[in-house]
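Chain A is the first sequence line, chain B the second, and so forth, proteins listed ahead of strands; every chain is numbered from 1. Small disclaimer: the values here were computed from a predicted structure and weren't measured.
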2 protein chains.
Amino acid sequence: MPAGVKDVAQRAGVSVGTVSNVLNRPDRVSAEVRDRVAQAIADLGYVRNAAARQLRAGRSTTIGLIVLDVRNPFFTDVARGAEDEAAEHGLSVTLGNSDENPAREAAYLDLFDEQRVHGVLISPIGDVAGRLDRLRARGIPAVLVDRAGADGRVSSVSVDDVAGGRMAAQHLLDTGRRRLAFVGGPPSIRQVVDRVEGARSALGGADRLEVLPTDALTVLEGRRIGQAIADRPPAARPDGIFAANDLIAMGLLQALAMRRDVEVPGEIALVGFDDIDFASAAVVPLTSVRQPSQLIGRTAMRLLLDEAADPGLAPRQVVFQPELVVRASSAPPP
Amino acid sequence: MPAGVKDVAQRAGVSVGTVSNVLNRPDRVSAEVRDRVAQAIADLGYVRNAAARQLRAGRSTTIGLIVLDVRNPFFTDVARGAEDEAAEHGLSVTLGNSDENPAREAAYLDLFDEQRVHGVLISPIGDVAGRLDRLRARGIPAVLVDRAGADGRVSSVSVDDVAGGRMAAQHLLDTGRRRLAFVGGPPSIRQVVDRVEGARSALGGADRLEVLPTDALTVLEGRRIGQAIADRPPAARPDGIFAANDLIAMGLLQALAMRRDVEVPGEIALVGFDDIDFASAAVVPLTSVRQPSQLIGRTAMRLLLDEAADPGLAPRQVVFQPELVVRASSAPPP
DNA sequence: GACCCGAACTGAATCGATTCACAGATCGAC
DNA sequence: GTCGATCTGTGAATCGATTCAGTTCGGGTC
C-alpha cells in the first residue's frame, strides 16, 4: 500500500534507476528531473524502506552499543559521546542494556548479528571474546568500551582503573584513614577487579584492605552494604571506604546517613568512581575518581568507524588517565 | 560470503523452503530433517538476515522509543519498563534521545519511519501530531508517553500533572510557606505547563506564583536559576520552590548549598517532581512528586502492542495519579 | 484396486531499493 | 560529416528470507 520507488518513478515519468540516483547521487541527474522526482516524492509521501536498502547493501547504518547499566549516568554519558560521533557520519546508535546479565548481553549480540549492524561497541560482562570473533568473521567490527582488551585481539577504549584505584586509596591514606574497605562487585566485571588491585597496591599489602562484595554496581546494593556496616559496633567499622562506582557510594551514603551515629566524613571517609553529575549534589558531596565519559564514547566510536572502513586495521588500545576530584566526603577527621 | 538459507539447504540436502520452515514452523517438519538442518546451521555458523526478513514481512520487530532526555533517570526507568514488556513479546526497543530538541526528535521519527518499526513510543517536545498521523497511515501506531494526548487522536499514558503540581504547592502552603516560586521550562513541554497550572490552582490566584523559566529540565539549568536566587537580597527570595523535575531541584540545591546564607529547608523549602533514585540521597533529601515510571513505560508498550495487533482500535488514555513523597527539603521552618 | 487424504517437502515468485551495462542525445574538434 | 567524449537516463538483475501453489508418498477406506 505505501508508495515505493516504482510509484515515484511512474508519477515523475522516469525510471526507477533515476529515482534512486536522485536520492543517492543527485549530481548525476539534471535539475529539471530532480525537481520532478522531488515533487512526486512529496506528493506520494514516499519514505525509503531501510530494510530493502540494507538487504542490498549487506550491512545496516546502525551501530549497536551494549552497556552494563543504562541507569548509570556514566553510561548514558558514554552513549551520548558515541551517538554524537556516529551522527557526524550519518549513522545511528541502538542502545542495549545488559544489566550486568550475560544472558541479556548474549541476546543483544544475537540481535545485532541478525541486524548486520555496522559495528558493535560493548562494555562486556560475560566472556564475549568468541562472540566478537564470530561477528568480525561476518564483517562486523567491535570495540570494547570502558574496559581494556585482555589480549590484543580487539580494540578498546578505557581508563586506567588500576591507577584510579590507587589514587582513591592513596587519598584516603593521605587524609589519615587506616582501616580501609572496598565495596563493589561482581568480580566478573574487570573494572572492579582492577580498581581493587589498584587500591591494594597503594596499601602495599593485600591483607590491609577489607573487600565487601556486591552483586551489582547499583544504589540498591550500596545501600545494603551500608546497612551492614552501620550495624557493626563502631570499632569494627572501616574508617575509609572506596566504592567501585558512584552509584554504590550514593547507596552507602543513604544508608549511613540514616544512622545518626555514623557520620561521613567524620567517622568514615568515602570515595566513589566515575564522578557522575549527582556526585556533587549528594547528601555529603562525593569525592570521586573522574572518567572522561563522553570522550570515551566518542573515541570508541571513532576507532570502530575506522575499523569498519578498513577491516585490515590492527586493533588499538586507548587508555585515558583518571582524575581525583576531592569533595567533602573525604575531608580529614577533626 | 556469509552463509545464507541456500547454503544451509544445500548442506542439509533439503530445499530452502524447508529450511525456512525449520526456522519458523518447526512442527511442520519431521524430526529427522529438523536435526539435519540444525546441524547444517551450526556447521556453517548461519545467522538470519533481519533485513531480508523485514523486507518480506513489511515491518520490523523493533519498537522506537523517543525520550526527552536519556540522562534523566525518570526516562531510563520508563525505557526499562517498556523494554521488559516488549521483550515478553519477542520485540526489541531502539532508544532515541531528542534532548528536548525538535530537530533531533524529527530526525528520529524519520529514522523510525524508514525502518518501518513496529510502533513508536514518544515523549514529544515539538508538534508531532501530523507526523504521527503519517506514521499511522503507513501502518505504524504510536503512543504518547508521560503526556496526555491533547485531542483523542492518539493513545497516551501519563500522570495527572495538574494534580501533581497542586499537591506540591499545597504541601508548601501547609508547611507555612507563602512566597512560592516555580522553576522549570521550556513551555513547549506540556508537562511543565500542567504542573504550573496545578500549582496556581492550589494558590487560588495566578499572581501569587512567581515563575522562573528554564531552557531545559536539567541539573545545569537548575544550578543557573539557583545562583540567580541566591544573588537576590534575602527578602526578595521565595520561601518555597516547586521545581518542574528532580534534575532542576538537584541543580537548585547545589547552587543554594554553596551559599552558606541560604539554607534549605530553613529559608527555602524545595519540592521536586519524578522522585528519581538520587532524590533521597541529595544534600538535603528531596521532597518529590512520584511518578510510577516503570509502570508508565510498561503500560504504554502494552497499549502500543494492542494497536499494532489491531489497527482499528480506538485510542485510549491512561492517567496515573502521582504521589507526594515528603522528605527533609520541605520541613517546616523552625 | 481405485480413490482420497494428509503429511512432508519443493522451488519459483515476491518484497523494494540499488547497481551497472548499455542506449540516446548533445557538443566540439578535426 | 564523422568520431569520440560527456552527460542523462534506462531497466533487468540482484540481495536473502518467506510464502504458497504444487508434487510426492504412505496409508486408510470401501
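Legend: salt bridge (Lys or Arg N to Asp or Glu O under 4.0 Å) pairs involving residues 52-71 of chain A, not counting sequence neighbours, sorted by first then second residue: A/Arg71-B/Asp77. Here salt bridge (Lys or Arg N to Asp or Glu O under 4.0 Å) pairs that include residues 19-35 of chain B, with residues two or more places apart or in two chains, are B/Glu32-B/Arg36. Each salt bridge (Lys or Arg N to Asp or Glu O under 4.0 Å) pair with one or both residues in residues 8-18 of chain A, not counting sequence neighbours, appears once here: A/Arg11-A/Asp43. Within the structure, salt bridge (Lys or Arg N to Asp or Glu O under 4.0 Å) pairs that include any residue of residues 147-158 of chain A comprise A/Asp133-A/Arg153, A/Asp151-A/Arg153 (at least two apart or interchain).
Salt bridge annotation for A/Arg80-B/Asp99: present, with a cationic side-chain nitrogen under 4.0 angstrom from a carboxylate oxygen. A salt bridge links B/Glu83 to A/Arg104: at least one charged side-chain nitrogen sits closer than 4.0 Å to a carboxylate oxygen.
Atom CZ in A/Arg59 sits roughly 17 Å away from atom C1' in D/dG16 (whole-Å rounding). Rounding to whole angstrom units, CZ of residue A/Arg138 and C1' of D/dG16 are separated by 14 Å. Atom CG in A/Leu44 sits roughly 15 Å away from atom C1' in C/dG16 (whole-Å rounding). If you measure from atom CG of B/Asn21 to atom C1' of D/dC20, you get 10 Å, rounded to the nearest angstrom. What separates CZ of A/Arg116 from C1' of D/dC15 is a distance of 12 Å, to the nearest Å. As rounded to whole Å, 12 Å separates atom P of C/dA17 from atom CG of B/Asp113.
Scanning residues 45-57 of chain A for heavy-atom distances under 4.0 Å to DNA chain D yields A/Leu55, A/Arg56. Within residues 22-38 of chain B, the residues that have a heavy atom under 4.0 Å from DNA chain D are, in order of number, B/Asn24, B/Arg25.
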Taking distance alone, no hydrogens or angles, what donor-acceptor pairs closer than 3.5 Å link side-chain atoms of residues 302-309 of chain B to residues at least two apart or in another chain?
| residue | atom | partner | partner atom | Å |
| --- | --- | --- | --- | --- |
| B/Asp306 | OD2 | B/Arg316 | NH2 | 3.2 |
| B/Glu307 | OE1 | B/Arg136 | NH2 | 2.7 |
| B/Glu307 | OE2 | B/Ser155 | OG | 2.4 |

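Among the protein residues, A/Gly4 comes within range of the sugar-phosphate backbone only, with heavy atoms under 4.0 Å from sugar or phosphate atoms but none that close to a base. Among the heavy atoms of the strands, none lies under 4.0 Å from B/Val19.
Listed by chain and number, the residues in a salt bridge (Lys or Arg N to Asp or Glu O under 4.0 Å) with B/Arg48 amount to none (sequence neighbours excluded). Remark: B/Thr18 pairs with B/Ser15 by the side-chain hydrogen bond (donor to acceptor under 3.5 Å, both in side chains) rule, at least two apart or across chains. For B/Ile41, the side chain to side chain contact (heavy atoms under 4.5 Å, CB included) partners are B/Val8, B/Leu23, B/Val37, B/Tyr46, not counting sequence neighbours. For A/Val16, the side chain to side chain contact (heavy atoms under 4.5 Å, CB included) partners are A/Lys6, A/Ala9, not counting sequence neighbours.
For C/dT10, the OP1/OP2 oxygens have a side-chain nitrogen or oxygen of B/Ser15 closer than 4.0 Å.
The listed nucleotides are D/dT18, C/dT10, C/dT18; the one nearest the side chain of B/Val5 is D/dT18.
Direction change of the helix axis from one end of the helix from C/dG1-D/dC30 to C/dC30-D/dG1 to the other is 50°, with five pairs defining each end axis (rounded to 10°).
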